[in-house]
Amino acid sequence: MRNVRFTVLALLVAAATFAAARLIDNAYVFFAGYVVLQYIVLATAWNILGGYTGYVNFGTAAFFALGAYTTVVLHKTVLVLPLPAMMLVGGVISGVIGLGMGYLTLRLRGTFFSIATLAMAVVAQTLITNWNFVGGSRGAYIIRPSDSPIFSGDYIQYLFVVMLLLSVISVSIARAIQHSRLGYGFSAIRDDELAAEASGVPTLKLKLIATTLSGGLMGMAGAPLPYYVTYLDPASGFSLSYAVNTIAMPLIGGTATWLGPVIGAVLLGTLQQVATVTISSALSLLLVGLLLVGFVIAAPKGIVGWFTR
Amino acid sequence: MDLSLDLLGNALVSGLLLGGFYAAVTIGVSISFGMLDIVNIAHPAFIILGSYTAYIANSVFGFDPILASIVLLPAFYLLGVAMYHVYDVSFERRGDASIRGLAFFFGILFITEVTLVLVFGVDYRLVDAPYVGPSLHFGVIDLPLRLLVPFLVSMALIGSLQLFMSYTFIGRAIQAVAQDPMALRLMAANPSRIKRIAFGLSIASASIAGAILIIIQPVEPSIARDYIGRIFAICVMGGLGSFSGTVVAAMILGVMESLTSTFYGPSWSPAVAFGFLLITLAVRPSGLFGRS
């Protein structure tokens with residue numbers, strides 16, 4: 001019941017956000033807001049695995065780009081498929097990859113899993129780079145429809161709303177998990193995997209659930225990307241900055257709760273949008289790196305940790 | 001058939017030479033990850049830093065890149081010592097090395113890369129030395145000095161590290177700390193100090209590895225990432241912390257990559273290392289030579 005109430009509340013916040021963006025009536029607000037929302041989804045998805053169970057995933061870009069490239073393939077083969085359906089397909093594909101990946105490496109120590117995710121990102125990028133159907137290294141062009149299909153307004157407003165809903169969904173999932181048996185199992189794994197295993201927690205199964213869910217949400221976040229950028233090449237789809245941002249945001253916000261990644265994503269995402277416009281994009285990335293290192297050294301519990309004792 | 005046999009021979013030879021170079025790139029991680037259990041994924045970034053210091057020494061002052069990298073060893077050693085100190089105080093002593101330690105090194109990797117981009121831009125840089133151009137020829141086999149010199153430097157580096165580890169007190173203490181830090185403490189040696197020295201050595205090796213990297217290929221900041229997978233693939237395959245295992249695994253990978261890029265095209269070669277790593281992790285996580 002509390003979960004339903006939370007989702008309704010989150011939907012109200014989302015509606016208010018959209019209304020405010022409409023009031024400002026500037027296309028840039030939607031473009032910048034889309035990126036921040038996308039990071040809310042990515043950071044929340046990362047945190048389900050990284051924050052709750054303690055397994056660090058460096059391969060965000062791979063799951064994200066797989067979702068994006070699924071859309072490219074669908075766009076080229078099936079002509080008219082609504083965006084939410086494409087996102088579902090992208091999510092399923094990334095989720096299945098996450099499951100397979102987890103099955104191969106999650107029986108090992110956590111560091112091996114992290115290294116393997118890093119490796120997977122490069123394997124996936126090499127495959128896409130060599131796959132001519134999706135444009136290979138030259139990249140793919142996607143023509144964005146000009147108007148939103150469901151309400152009057154520009155297509156970017158539609159993308160914004162879709163991402164807004166996805167972030168409500170993923171935050172609701174993350175919060176529901178945190179207060180469920182599943183969540184307690186996850187934190188048992190994070191605190192002491194051996195002890196958890198010994199007291200009958202099915203650790204491998206729980207870890208696989210976390211990887212699948214986390215990978216799937218990342219894929220869903222990536223699926224609308226081709227329509228947002230209209231030109232997608234492997235170097236930008238698999239950019240390391242996605243991985244850095246999705247690790248930095250939960251760690252800066254706080255990894256123990258659902259709220260941390262949201263705070264981190266809103267703060268860091270907005271900061272980056274401002275810094276990219278006012279200073280330069282390279283400097284804004286440097287800022288993220290410095291904040292990440294600063295926070296892991298000085299504030300291990302993140303911003304949320306400042307307010308809870 | 002003759003032609004492809006020549007091709008095969010050349011691919012094998014250059015793969016072995018390349019593998020020797022990969023061993024130098026990996027040896028630092030064999031120390032930090034294999035022996036000290038510190039997952040320094042920022043190591044490739046320090047190698048690129050080494051490439052750029054060699055580049056400056058070469059292009060601005062006209063020094064030989066390898067000589068310059070040897071002169072710069074103490075600077076890299078100190079950098080490693082300082083980094084270990086921060087790591088030790090912030091994570092190891094708090095017993096919180098896993099997630100935050102990893103994120104710390106990931107952040108360092110990213111900061112180094114972006115800083116290099118801001119300072120040098122994304123242009124490819126290369127060095128000039130007498131051995132960059134010419135090749136030796138033995139029948140149909142070509143031996144480019146560009147690969148042969150790094151190979152020899154790499155073997156010298158690993159050989160001297162191996163001697164250091166086997167015959168000096170500190171070297172043996174490093175091996176001991178890898179096996180049982182508690183026992184070392186009981187022998188009245190300070191594990192923190194030993195680890196600091198070992199980590200310093202690991203980063204120092206990046207100076208030489210960076211110099212020979214920029215001899216082999218032009219360098220730009222983001223190629224660090226291509227090496228992360230190679231390094232960890234070799235390190236894991238070689239059985240974590242074994243120098244001879246590292247060299248053999250590096251050569252296997254070098255030959256595999258060279259064959260792939262000769263017969264299927266260079267754009268596939270990054271996937272070889274990672275495919276190898278994934279298979280090793282899935283099938284035999286203790287490495288080719290490790291005891292399972």
Side-chain angles (χ1 to χ4, degrees), chain A residues 50-51 54-56 58 100-101 103-105 107-116 118-127 129-130 136-137 190 235 238-241 243-245 247-248 250-252 255 280-298 300, chain B residues 29 33 37-39 41-42 86-87 89-91 94 96-115 117-118 121-122 222 224-226 228-233 235-236 264-265 267-283 285-286:
Chain A
Y55 278 76
V56 180
F58 289 119
M101 178 77 207
Y103 186 73
L104 282 182
T105 55
R107 279 163 297 174
L108 306 169
R109 278 193 304 152
T111 38
F112 285 121
F113 172 77
S114 304
I115 296 165
L118 211 58
M120 192 197 64
V122 176
V123 172
Q125 185 173 358
T126 311
L127 291 178
T129 309
N130 285 292
S137 54
R190 179 188 58 207
F238 286 91
S239 162
L240 191 66
S241 56
V244 176
N245 272 315
I247 292 172
L251 283 170
I252 288 173
T255 52
S280 81
S281 63
L283 264 176
S284 87
L285 285 177
L286 184 64
L287 202 64
V288 176
L290 290 172
L291 278 173
L292 170 62
V293 170
F295 264 86
V296 293
I297 290 176
Chain B
V29 170
F33 182 42
D37 209 18
I38 299 172
V39 193
I41 48 175
V86 173
Y87 177 79
V89 170
S90 322
F91 307 107
R94 282 191 211 152
D96 191 15
S98 58
I99 305 186
R100 273 160 240 290
L102 267 173
F104 169 73
F105 284 117
F106 196 56
I108 298 280
L109 167 77
F110 200 65
I111 291 173
T112 315
E113 186 180 318
V114 176
T115 310
V117 169
L118 286 173
V122 290
S222 76
R225 273 176 247 159
D226 298 347
I228 297 178
R230 283 195 188 117
I231 287 175
F232 282 96
C235 188
V236 173
Y264 296 97
S267 62
W268 283 103
S269 66
V272 175
F274 292 103
F276 240 67
L277 174 64
L278 286 183
I279 295 168
T280 315
L281 284 179
V283 182
S286 55

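Chain identifiers are assigned alphabetically (A, B, ...) following the order of the sequence lines, protein sequences preceding nucleic acid strands; residue numbering begins at 1 within each chain. Predicted model, so just to flag it, every value in this text is computed and none were measured.
Note: B/Phe33 and A/Phe112 have perpendicular aromatic rings, judged against thresholds of 30 and 60 degrees for the angle between ring planes.
For the pair A/Leu290 and B/Ile111, the tightest heavy-atom approach, listed with the atom from each and the gap, is CD2-CD1, 3.6 Å. Closest heavy-atom contact between A/Ser114 and B/Leu102: OG-CD1, 3.4 Å.
A/Leu292 places none of its side-chain heavy atoms less than 4.5 Å from the side chain of B/Phe110. Within the 4.5 Å cutoff, the side chain of A/Leu240 has heavy atoms near those of the B/Phe106 side chain. Using a 4.5 Å heavy-atom cutoff, the side chains of B/Ile228 and A/Phe58 are not in contact.
At a 4.5 Å heavy-atom cutoff, the contact between A/Ala243 and chain B is made by backbone and side-chain atoms alike. The part of B/Val39 that comes within reach of chain A is its side chain, from C-beta onward, which places non-hydrogen atoms under 4.5 angstrom from that chain. Only the side chain of B/Val86 comes within contact range of chain A, with at least one heavy atom under 4.5 Å from a heavy atom of that chain. Contacts of A/Val56 with chain B are made by side-chain atoms alone, with heavy-atom separations under 4.5 Å and no backbone atom involved. If you measure heavy-atom distances from A/Thr129 to chain B, you find no contacts under 4.5 Å at all.
The line from CG of B/Leu118 to CG of A/Leu285 is 9.0 Å long, rounded to the nearest 0.5 Å.
Between chain B and the residues A/Thr126, A/Asn130, A/Ile115, the largest count of heavy-atom pairs under 4.5 Å involves A/Asn130. Put simply, of A/Val244, A/Leu127, A/Val122, the one with the most heavy-atom pairs under 4.5 Å next to chain B is A/Val244.
Between the side chain of B/Arg100 and the main chain of A/Pro300, a donor-acceptor pair closer than 3.5 Å is present.
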Is there a side chain to side chain contact (heavy atoms under 4.5 Å, CB included) between B/Phe232 and A/Leu118? Walk through the geometry before answering. CA-CA 10 Å; B/Phe232 282 96; A/Leu118 211 58; 5.7 Å; no
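With sequence neighbours excluded, the residues that form a side chain to side chain donor-acceptor pair (under 3.5 Å) with A/Ser241 are A/Ser239. For B/Thr115, there are no side chain to side chain donor-acceptor pair (under 3.5 Å) partners at least two apart in sequence or on another chain.
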